[in-house]
J.: 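Have a look at this one before I ask anything.
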Amino acid sequence: MVNKNTESSFSERPEKKDFIRQIIDKDIESGKYDGRVHTRFPPEPNGYLHIGHAKAIVVDFGIAKDYNGLTNLRFDDTNPTTEDVEYVDSIQEDIKWLGYDWEDRLFYASQYFDKFYEYAQMLIKKGLAYVCSLSLEEIKEYRGTVKEAGKPSPDRDRPAQESLALLEGMKNGDFAEGQYTLRAKIDMAHPNMKMRDPLIYRIRHAHHHQTGDKWHIYPMYDFAHCLEDSIEGITHSLCTLEFQNNRALYDWFLEALDLYHPQQIEFARLELSHTVTSKRKLKELVDKEIVDGWDDPRMPTLCGLRRKGYPAEAIRNFCEDVGLAKRNSTVELALLEYHVRQVLNKSALRMMGVVNPLKVVITNYPEGKDEWLEAVNNPERPEDGTRLVPFSRELYIEQDDFMEDAPKKFFRLSQGREVRLRYAYFITCHDIIKDENGKIIEIHCSYDPETKGGNAPDGRKVKATMHWVSAQHAKQVEVRVLNNLFSEENPNKKEEGKTFIDYMNPNSLEVISNCFVEPELAKAKAGVNYQFERIGYFILDSRYSSPERPVFNRTVTLKDAWAKIKKK
RNA sequence: UGGGCUGUCGUCAAGUGGUAAGACACAUGGUUUUGGUCCAUGCAUUCCCGGGUUCGAAUCCUGGCAGCCCAGCCA
């Protein structure tokens, strides 16, 4: 749990422990694994990490850290046809960014291929594995169904010597892909489908990103994974729920080979509302150029969220807050956004920027004059100090901050009404200038010189304080307003004739090019979050922004009470 | 003719036989030079449903129901 109040973290209220930590507590008490805790994060390098992986990373690294244990990063690279070094690089970058360190424990499943081969030979010698000549279709047919027992392969009783020789041939590339497989001899009538003589090796004449062309056979997940864990001395092998059926196999291989036996524990994967995390769907968005890459700021990938301006700390806090259980669940995006705002509220510098400008002329302010007024950089952190913002006769305010026929609950600027321009003056609107179509193009106001800095000496109050920028001093920038990629809460839901693409939000990206920001923001630094006061948090886009032409991504809005009132 | 897992507030989630934590969301008030933050208050007489055991059940037993996963030479 994340403590809202940092003071209270000193109190010794007992932390609620999730079921995995409860298991580990018992293991430590009983002396299992000599009190060690050693986990691993084992991604297959076949795609970019996303918010769902973030939970696994926080669980794997976080739990080990809680027990002064260790965590390995291990690439589970047993299928060369889907993998690429592009991914092994991006995965490392994303884990580091998230704030975790595997130190010198970076491993590859492929570095154990020789050992795996020896273990396979041992299995054959023990009569627990055989080379099978059934085709893909036949294997499927022989496996039976969920309700009917399978039948044994005709090769099931192939003599060990023969299997050994055939396996050697497979390894040497003597056979075509699909011609033979190595299978574990378990039980073709087993109620758990995973146990019906599962494959151990398949032939793949493929180039591997780590081992090159050395191998013509590659091990299957179920055979490899338990061995990887065992070799590395993992104590608790944490994975997601869909591997529950695989645990029997995990245990079977380790028992059959009489090896050190880590404990596999499954937990529910993280699903987020209004987004998709399936690799296939994410890839489709990239391939169809619906987004501009894996790091498009609307994507739930870690690189996308980073580009959008989500702080790593917020993602970590979110994952911890979501909790750990065995129940399939979908967390609302609102919780993630809450944590983003929570972190950014404390850290982001406040600035003034007008996204949808409306020109204001202060008719009683001298032409050609300007004043530099002091503004607070972050009220949550006084040590961030103050800066100067220029004020002059012509300004921009937000279009939403002016309304001609304002309802009662609208507190902002309207004809005859007085408001405060933050850190500047009280102004009152007198005239509205419209074009021939009746569109408001400019408003005329007067200011009260006595209210400099924003305080009225006579103590009179205003109902609104608004942000603004001086027209002649402002920097024109582009703002990319990022909204949910999907308008549907659950884009994975299945409806007649619809795919997840049909649930996309047509307005997930709005590019606004004529925005104006205060001079200080013209110096905005890459990778730094800023709050545009009263609007939201923004960050320079790492792809499209340049010093001449800054481009800001909207990370998240501020909560907006007026928007709610307006809806009613 | 199956096996594994799971059902507690809109969404997550504690609870492990002693009388339903917490967070987000939502609502209402207070503070405020951000309709932000912050603060306060409210928000499950009831835990998928039925039966049973017990002084006492979300927790134990029993019978249902619902959802997710498994029939890749993917992980």
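These numbers were taken from a predicted model, which means no experiment stands behind them.
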J.: Write down the protein N/O and nucleotide N/O pairs, taken from nucleotides 27-31 of chain B, whose separation is under 3.5 Å; answer none if there are no such pairs.
T.:
none

J.: Using a cut-off of 4.0 Å on non-hydrogen atoms, how would the nucleic acid contact of A/Glu44 be classed: base, sugar-phosphate, or nothing?
T.: sugar-phosphate
J.: For the C1' atoms, the ones on B/C65 and on B/G42, what distance do you get once it is rounded to whole angstrom?
T.: 34 Å
J.: Considering only side-chain heavy atoms of A/Arg412, which listed nucleotide, B/A75, B/U37, B/G35, is closest?
T.: B/G35
J.: May I have the distance from A/Asn345 (atom CG) to B/G35 (atom P), rounded to whole angstrom?
T.: 14 Å
J.: Checking salt bridge (charged side-chain N to carboxylate O under 4.0 Å, His left out) between A/Asp197 and each of A/Arg156, A/Arg143, A/Lys185, which is the one that passes?
T.: A/Arg156
J.: Between atom CG in A/Asp251 and atom C1' in B/G4, what is the gap in whole Å?
T.: 14 Å
J.: Roughly how many Å apart are B/U16 and B/A21, using the P atom of each and rounding to a whole number?
T.: 12 Å
J.: Between B/U34 atom P and A/Leu349 atom CG, what is the distance in whole Å?
T.: 17 Å
J.: For atom P, what is the distance between B/U11 and B/C5, given to the nearest Å?
T.: 25 Å
J.: Return the pairing partner of B/U41 with a 3.5 Å limit on both distances, Watson-Crick or G-U wobble; otherwise return none.
T.: B/A27
J.: Glycosidic conformation of B/G52, syn or anti, with 90° from 0 as the boundary?
T.: anti
J.: For B/C65, give the paired nucleotide (Watson-Crick: N1-N3 plus N6-O4 or O6-N4; G-U: N1-O2 and O6-N3; both under 3.5 Å), or none.
T.: B/G7
J.: Hey, which of these two, A/Asn455 or A/His225, hits RNA chain B nearer its 5' end, going by closest nucleotide?
T.: A/Asn455
J.: Please say whether the positively charged group of A/Lys171, taken as NZ for Lys or CZ for Arg, lies over the ring of A/Tyr117, i.e. under 6.0 angstrom from the six-membered ring centre and within 45 degrees of the axis.
T.: yes
J.: Starting at CD of A/Glu271 and ending at P of B/C24, how long is that distance when rounded to a whole Å?
T.: 23 Å
J.: What pair of heavy atoms forms the shortest contact from A/Tyr130 to A/Ser163, and how long is it?
T.: CA-OG, 3.5 Å
J.: Tell me: NZ of A/Lys346 to P of B/U37, nearest whole Å?
T.: 14 Å
J.: So what's B/G2 paired with, Watson-Crick or G-U wobble, going by both distances under 3.5 Å?
T.: B/C70
J.: Under the criteria of a ring-centre distance below 5.5 Å and an interplanar angle below 30°, is A/Trp562 stacked with the base of B/G35?
T.: yes
J.: Look at all strands and tell whether A/Pro42 reaches a base, only sugar-phosphate, or nothing, counting heavy atoms closer than 4.0 Å.
T.: nothing
J.: Taking atom C1' in both B/U8 and B/C43, compute the distance separating them and give it to the nearest angstrom.
T.: 16 Å
J.: Take atom CZ of A/Arg269 as the centre, draw a 6.0 Å sphere, and report whether it contains more than 12 heavy atoms from other residues, nucleotides or ligands.
T.: no
J.: Do nucleotides 11-17 of chain B as a string where each nucleotide becomes B, S or -: B if the base has a protein heavy atom under 4.0 Å, S if just the sugar-phosphate does, - if no protein is that close.
T.: SSBSSB-
J.: Within this structure, what is the CZ-to-P distance between A/Arg534 and B/U32, rounded to whole angstrom?
T.: 18 Å
J.: When the ring centroid of A/Tyr218 is compared with that of A/Phe116, is the distance short of 6.0 Å?
T.: no
J.: Could you give the distance from CG (A/Leu182) to OH (A/Tyr201), rounded to the nearest 0.5 Å?
T.: 8.0 Å
J.: Can you check the A/Leu344 CG to B/U34 P distance for me, whole Å?
T.: 19 Å
J.: Please find the pair of heavy atoms, one from A/Asp77 and one from A/His208, that lie closest to each other, and give the distance.
T.: O-NE2, 2.8 Å
J.: With no hydrogens and no angle check, is any side-chain donor or acceptor of A/Arg202 less than 3.5 Å from a backbone partner on A/Ile200?
T.: no
J.: Is any side-chain N or O of A/Gln342 closer than 4.0 Å to OP1 or OP2 of B/C38?
T.: yes
J.: Using the C1' atom as the point on both nucleotides, what is the distance between B/A71 and B/A66, in whole Å?
T.: 23 Å
J.: Does B/C24 have OP1 or OP2 under 4.0 Å away from a side-chain N or O of A/Tyr338?
T.: yes
J.: According to the Watson-Crick and G-U wobble definitions, with both distances under 3.5 Å, which nucleotide is paired to B/U53?
T.: none
J.: Using the P atom as the reference point in each nucleotide, state the distance between B/G51 and B/A57 in Å, no decimals.
T.: 14 Å
J.: List the atom of A/Arg417, the atom of A/Pro407, and the distance in Å for their closest heavy-atom pair.
T.: NH2-O, 4.4 Å
J.: Which heavy-atom pair separates A/Asn328 from A/Leu241 by the least distance, and what is that distance?
T.: OD1-CD2, 3.6 Å
J.: Is there any protein nitrogen or oxygen under 3.5 Å from a nitrogen or oxygen in nucleotides 70-73 of chain B, and what are the pairs?
T.:
| from | atom 1 | to | atom 2 | distance (Å) |
| --- | --- | --- | --- | --- |
| B/C70 | O4' | A/Asn245 | ND2 | 3.2 |
| B/G72 | OP1 | A/Lys140 | NZ | 3.4 |
| B/C73 | OP1 | A/Arg143 | NH2 | 3.2 |
| B/C73 | OP2 | A/Arg143 | NH1 | 3.1 |
| B/C73 | OP2 | A/Arg143 | NH2 | 3.4 |
| B/C73 | O2' | A/Arg204 | NH2 | 3.0 |
| B/C73 | N4 | A/Leu134 | O | 3.3 |
| B/C73 | N4 | A/Leu136 | N | 3.2 |
| B/C73 | N4 | A/Gly178 | O | 2.9 |

J.: Looking only at non-hydrogen atoms, find the nearest pair between A/Tyr537 and A/Gln531 and report the distance.
T.: OH-NE2, 3.1 Å
J.: Does any nucleotide pair with B/A21 by Watson-Crick or G-U wobble geometry, both distances under 3.5 Å, and what is it?
T.: none
J.: Just to confirm, is there a sub-4.0 Å distance from OP1 or OP2 of B/G2 to any side-chain nitrogen or oxygen of A/Lys147?
T.: yes
J.: Just checking A/Arg247: base, sugar-phosphate only, or nothing, at a heavy-atom cut-off of under 4.0 Å?
T.: nothing
J.: Mind checking if A/Asn46 touches a base, just sugar-phosphate, or nothing, with heavy atoms under 4.0 Å?
T.: nothing
J.: Are A/Arg420 and A/Thr465 linked by a side-chain donor-acceptor pair shorter than 3.5 Å?
T.: yes
J.: I'd like the C1' distance from B/C47 over to B/A13, given in whole Å.
T.: 13 Å
J.: With rounding to the nearest 0.5 angstrom, report the CD1 to CG distance, A/Ile51 to A/Leu336.
T.: 4.5 Å
J.: Describe the nucleic acid contact of A/Tyr218 in one word from base, sugar-phosphate, nothing, applying a heavy-atom distance below 4.0 Å.
T.: nothing
J.: Rounded to whole angstroms, how far apart are CD1 on A/Ile535 and P on B/U37?
T.: 16 Å
J.: A/Phe410 or A/Leu241: which one's nearest nucleotide on RNA chain B is closer to the 5' end?
T.: A/Leu241
J.: Using a 4.0 Å heavy-atom cut-off across all strands, classify A/Glu337 as base, sugar-phosphate, or nothing.
T.: nothing
J.: Distance criterion of 3.5 Å, no angle test: do you see the side chain of A/Glu266 paired donor-to-acceptor with the base of B/G4?
T.: no
J.: For the residue pair A/Phe411 and A/Trp562, is the inter-centroid distance of their aromatic rings smaller than 6.0 Å?
T.: no
J.: Considering only heavy atoms and no angle criterion, is a donor-acceptor pair shorter than 3.5 Å present between the side chain of A/Arg341 and the base of B/G36?
T.: no
J.: Check for me whether the distance between the ring centres of A/Tyr425 and A/Phe391 falls short of 6.0 Å.
T.: yes
